[in-house]
Amino acid sequence: MSLVKLTIKGISYSQTQNGAYALILNEVDGERKLPIVIGAFEAQSIAIALEKEIKPPRPLTHDLFKNFAERFDIVVKQVIIHKLVDGVFYSSIICERDKIEEIIDARTSDAIALALRFSAPIFTYKNILDKAGIFLKTNPQETENQSQELDDVLSNPETFGMEESNEAGEAYTKFSLSELHEQLETAVQNEDYEKAAKIRDEISKRES
């Protein structure tokens, strides 16, 4: 299976669902986006890594991991989002020490937070992007909105509402596939990435 390189577009904070965040990944040589719902702590950690000028007074968990790895000459070479099951993305961190390569299983949000700190590339497989990627229309105020979204993440470190998120996902089970596709298109047009990700996950579960 061929790998597709991804970059980070930004982090979206849902104003309608308390504590929900969506990490938006860009296809490097294409127009598809891969939205992944993540927790508040991971969203804050990723946002801080993106905002180079922000330096926490004490190392965050991902910074501590990087310091620990560097002390023992471990380098993160790349991150691969290798599996999508029931709306959950699975990732691997490819590490190297003394020219020996190791593969470590990780949550996608943690893997990406570390990839940023090690300046490591992020990949996924083409079949995952074919299944879960969506097209998002560009917005003239995109840069300004992304900056505001990152500010929202940094200033609102709330607990991620997993129970609330699961209830929202279950709400889509009553719709038909055609209705879900219509709702996905509407969510994309409204740039509601977090909602689009949940609808896409429900569609993926039914079509798998």
Side-chain angles (χ1 to χ4, degrees), residues 5-28 32-70 76 78-81 87-93 104 106-124 132-134 136 138-162 164-165 168 187-188 190-198 200-201:
K5 190 173 183 179
L6 303 169
T7 59
I8 297 175
K9 176 182 174 67
I11 300 171
S12 173
Y13 175 65
S14 173
Q15 299 294 334
T16 59
Q17 185 174 342
N18 187 33
Y21 296 84
L23 172 66
I24 313 300
L25 301 176
N26 267 347
E27 178 185 17
V28 170
R32 287 175 295 185
K33 310 291 186 288
L34 193 65
I36 301 175
V37 178
I38 62 175
F41 170 78
E42 291 78 12
Q44 184 181 37
S45 181
I46 290 171
I48 288 174
L50 289 171
E51 196 67 41
K52 302 296 184 182
E53 295 181 0
I54 297 178
K55 300 294 182 184
R58 300 290 294 163
L60 300 177
T61 301
H62 297 109
D63 298 315
L64 177 62
F65 182 95
K66 181 175 185 289
N67 295 340
F68 183 88
E70 289 181 336
V76 172
Q78 62 183 4
V79 162
I80 301 177
I81 303 171
V88 178
F89 292 90
Y90 293 78
S91 294
S92 295
I93 301 173
I104 300 175
R107 295 187 305 167
T108 297
S109 54
D110 289 327
I112 290 175
L114 290 174
L116 282 170
R117 285 161 170 80
F118 282 90
S119 300
I122 303 165
F123 297 94
T124 191
I134 59 177
L136 301 179
T138 57
N139 188 315
Q141 297 180 329
E142 185 175 12
T143 303
E144 179 182 345
N145 290 341
Q146 286 179 13
S147 176
Q148 181 61 49
E149 286 165 358
L150 289 179
D151 288 343
D152 290 341
V153 170
L154 293 172
S155 61
N156 295 282
E158 301 172 9
T159 302
F160 185 51
M162 287 301 296
E164 185 177 349
S165 176
V188 168
N190 293 335
E191 296 187 347
D192 190 343
Y193 306 146
E194 187 267 337
K195 182 177 180 180
K198 285 184 170 55
R200 179 217 53 209
D201 292 344

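Residue indices begin at 1 and follow the sequence shown.
- Residue I36 holds its CD1 atom at 9.0 Å from CD1 of I24, rounded to the nearest 0.5 Å.
- Here the shortest heavy-atom pairing between A132 and P35 reads O-CD, 4.3 Å.
- Nearest approach of I93 to A111, heavy atoms of both residues: CG1-CB, 3.9 Å.
- A distance-only check finds a donor-acceptor pair linking the side chain of T124 to the backbone of I81 [under 3.5 Å].
- The two residues F123 and L6 make their nearest non-hydrogen contact at C-CD1, 4.4 Å.
- In this structure, L60 and R117 have side chains that are in contact, with non-hydrogen atoms separated by less than 4.5 Å.
- Contact check for R32 versus I134: no side-chain heavy atoms found under the 4.5 Å cut-off.
- The main-chain N or O of I38 is never found under 3.5 Å from a side-chain atom of S109 such that the two would form a donor-acceptor pair.
- Residues T61 and F41 form a side-chain contact, since some pair of their non-hydrogen atoms from C-beta on lies under 4.5 Å apart.
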Criterion side-chain contact (heavy atoms from CB on, under 4.5 Å) on K33 and N26, from CA distance to verdict: CA-CA 5 Å; K33 310 291 186 288; N26 267 347; 2.4 Å; yes

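- Between L25 and I112, some side-chain heavy-atom pair lies under the 4.5 Å cut-off.
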Test side-chain contact (heavy atoms from CB on, under 4.5 Å) applied to R200 and L34, step by step: CA-CA 10 Å; R200 179 217 53 209; L34 193 65; 4.2 Å; yes

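- Residue I11 comes nearest to A47 through the heavy atom pair CD1-N, 3.8 Å, listed as atom of the first residue, atom of the second, then distance.
- Looking at L114, D110, L116 one by one, the single match for side chain to side chain contact (heavy atoms under 4.5 Å, CB included) with I46 turns out to be L116.
- Summarising the geometry of E70 relative to F118, their closest heavy-atom pair is CG-CE2, 4.4 Å, with the distance given to 0.1 Å.
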